[in-house]
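Presented below is the structure to which this report refers.
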2 protein chains.
Amino acid sequence: MLKHDLRVIKTQESLRHALLELLKSKPLEAISVAELCRLAQINRGTFYSHYKDVHEVFKRYLEVIVEDFRRAYEEPYIKTRFKIENISASMIEIFHHVKKYQDFYQIVFDQRIPMMYYYLLFDTVRTFMKESLAKSYIDATDRVQVDYLLSYQTNAILGLLMEWNRQGYMTPAEELNKQLITILSFNSPFRGGDR
Amino acid sequence: MLKHDLRVIKTQESLRHALLELLKSKPLEAISVAELCRLAQINRGTFYSHYKDVHEVFKRYLEVIVEDFRRAYEEPYIKTRFKIENISASMIEIFHHVKKYQDFYQIVFDQRIPMMYYYLLFDTVRTFMKESLAKSYIDATDRVQVDYLLSYQTNAILGLLMEWNRQGYMTPAEELNKQLITILSFNSPFRGGDR
DNA sequence: AATTTTAATGTACACATGTTCATTATATTT
DNA sequence: AAATATAATGAACATGTGTACATTAAAATT
């Protein structure tokens, strides 16, 4: 299956288009390979020579979206150093990105959907966190294992996105960003009682 | 299907037993309803009158495990106030619990498994976080929306568990707890560069 | 334009899914 | 112990899954 073969491109585009069409009327989990192929007018055998299952079609699309996110994130990060004062600049990009592709992230965070999409997002955000950390926190390396710190911080951000999703994206992105700044400016939310 | 009917109990126990048996040799995603019923010697039609799919059998079991976690968590929390000095007491219980049921949490965190299990764990931890927060951080209510703070903190902890899982639970629970204490004692991991 | 390469199709197969319903077996209730 | 209630079974059916392979169609190459 040569990537540039016109037949291959046509097949994959038909399937992607059909998937987006079906997603308008039913959840991803309810879409079968058979139904997708019927709508796309693609032989089911052909489908299996391109994808393992319906999820893989969606995943390919999500990868494009996440790539868009990567660009959105990198931009402000490059021009500002990663301090709490301007973390706003990098994170607001995340929030705007998720809002932009709200329909997709609703699927990613769905109860019935496999964790793979979550991990895709997680790994992307974590890579950025790592780059940020490397520049400003080299001295922390021996105090905490960097891996744990990174996963802690990354997943914390994803926790905000999950909550945003659960609330139907009602909170404005700017407000969400403000929440994050406030949380980060706490010494530690757990240090209560003795301050 | 009356819960106390001996036939019902026997059916459900057979299925649970068969599931645990099959899990020894293959991943959850590879277990079909048909195979499970064959091993449990239960009619497939009977299966569907109890469960929607294989995941529901596992989920019922996980709920028992999470209930065990609830007890483990509540114990130290009740006797100590929730300060950073003794957060260790509550969190170490989480780590010990996850370690104890390592085989199950490996499944929960698996790429192929639906998010539902993650949310089950998330909601449980979040409930405890909420109780902790209510006592020591009432004044924070208007600074950040409590929902976002809770989801941030809860998911951060789950981030540690995910990392632990990814590293095959090699880190000792005590070490993990020490990592957490260290992370929490940072003013903010993002405030670097200007301290 | 003719040739070669290879993607797509059609068909078949064994097995899984989810549902229905009459029949049988086994609890619970009287 | 007999009567009643209901859970479990078995069979059937339409549909979906994943794979295999010979055939056809449409690309790329010469």
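Proteins come first, then strands; the chains are lettered A, B, ... in the order of their sequence lines, and each starts at number 1.
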Can you figure out which of D/dA12, D/dA7, D/dA26 approaches the side chain of A/Arg7 most closely? D/dA26
Rounded to whole Å, please give me the gap between CZ in B/Phe47 and P in C/dG18. 9 Å
Selected nucleotide, minimal atom distance to A/Arg38 side chain, candidates D/dG16, D/dA8, C/dT11: D/dG16
I want to verify a distance call: between C/dT17, D/dG16, C/dA7, whose nearest atom is closest to the B/Ala34 side chain? C/dT17
Provide, to the nearest angstrom, the distance between the CD atom belonging to A/Glu35 and the P atom belonging to D/dT15. 13 Å
Distance-only polar pair, side chains of A/Arg70 and A/Thr124, donor-acceptor under 3.5 Å: no
Side chain of B/Asp5 - closest among C/dA8, C/dA27, D/dA8: C/dA27
Is there a donor-acceptor pair closer than 3.5 Å between any side-chain N or O of B/Asn155 and the backbone N or O of B/Leu158? no
Classify the angle between the aromatic ring planes of B/Tyr61 and B/Phe104 as parallel (below 30°), tilted (30 to 60°) or perpendicular (above 60°). parallel
Interatomic distance, B/Glu29 CD vs D/dG18 C1' [rounded to whole Å]: 16 Å
Just to confirm, is there a sub-4.0 Å distance from OP1 or OP2 of D/dT19 to any side-chain nitrogen or oxygen of A/Tyr48? no
Using a cut-off of less than 4.0 Å, is there contact between a side-chain N or O of A/Thr11 and OP1 or OP2 of C/dA8? yes
Under 3.5 Å side-chain donor-acceptor pair for B/Glu29 and B/His55: yes
Below 30° counts as parallel, above 60° as perpendicular, anything between as tilted: where do the rings of B/Phe47 and B/Tyr51 land? tilted
Scan B/Gln12 against the nucleic acid and name what it touches under 4.0 Å (heavy atoms): base, sugar-phosphate only, or nothing. nothing
Whole-Å distance separating the NZ atom of B/Lys52 from the C1' atom of C/dG18: 12 Å
Separation of D/dT17 C1' from A/Tyr51 OH (nearest whole Å): 18 Å
If only side-chain N and O atoms of B/His50 are considered, is one of them under 4.0 Å from the OP1 or OP2 phosphate oxygen of D/dA8? yes
A/Val33 has a side chain; which of C/dA16, D/dT17, C/dA8 sits nearest to it? D/dT17
Ignoring backbone atoms, establish whether A/Ser32 has a side-chain N or O less than 4.0 Å from OP1 or OP2 of D/dT15. no
Distance check needed: D/dA7 C1' versus B/Lys10 NZ, whole Å only. 11 Å
Side chain of A/Met1 only, please: which of C/dT17, D/dT19, C/dA7 is the nearest? C/dA7
Would you mind reading off the distance between A/Leu36 atom CG and D/dT15 atom C1', rounded to a whole angstrom? 16 Å
Using a cut-off of 4.0 Å on non-hydrogen atoms, how would the nucleic acid contact of B/Thr46 be classed: base, sugar-phosphate, or nothing? base
Quick check: any donor-acceptor pair below 3.5 Å linking the side-chain of A/Arg44 to the base of D/dG18? yes
Can you measure B/Leu6 atom CG to C/dA25 atom C1' for me and round it to whole angstrom units? 14 Å
Parallel, tilted or perpendicular for B/Tyr105 and B/His97, by the 30°/60° rule? perpendicular
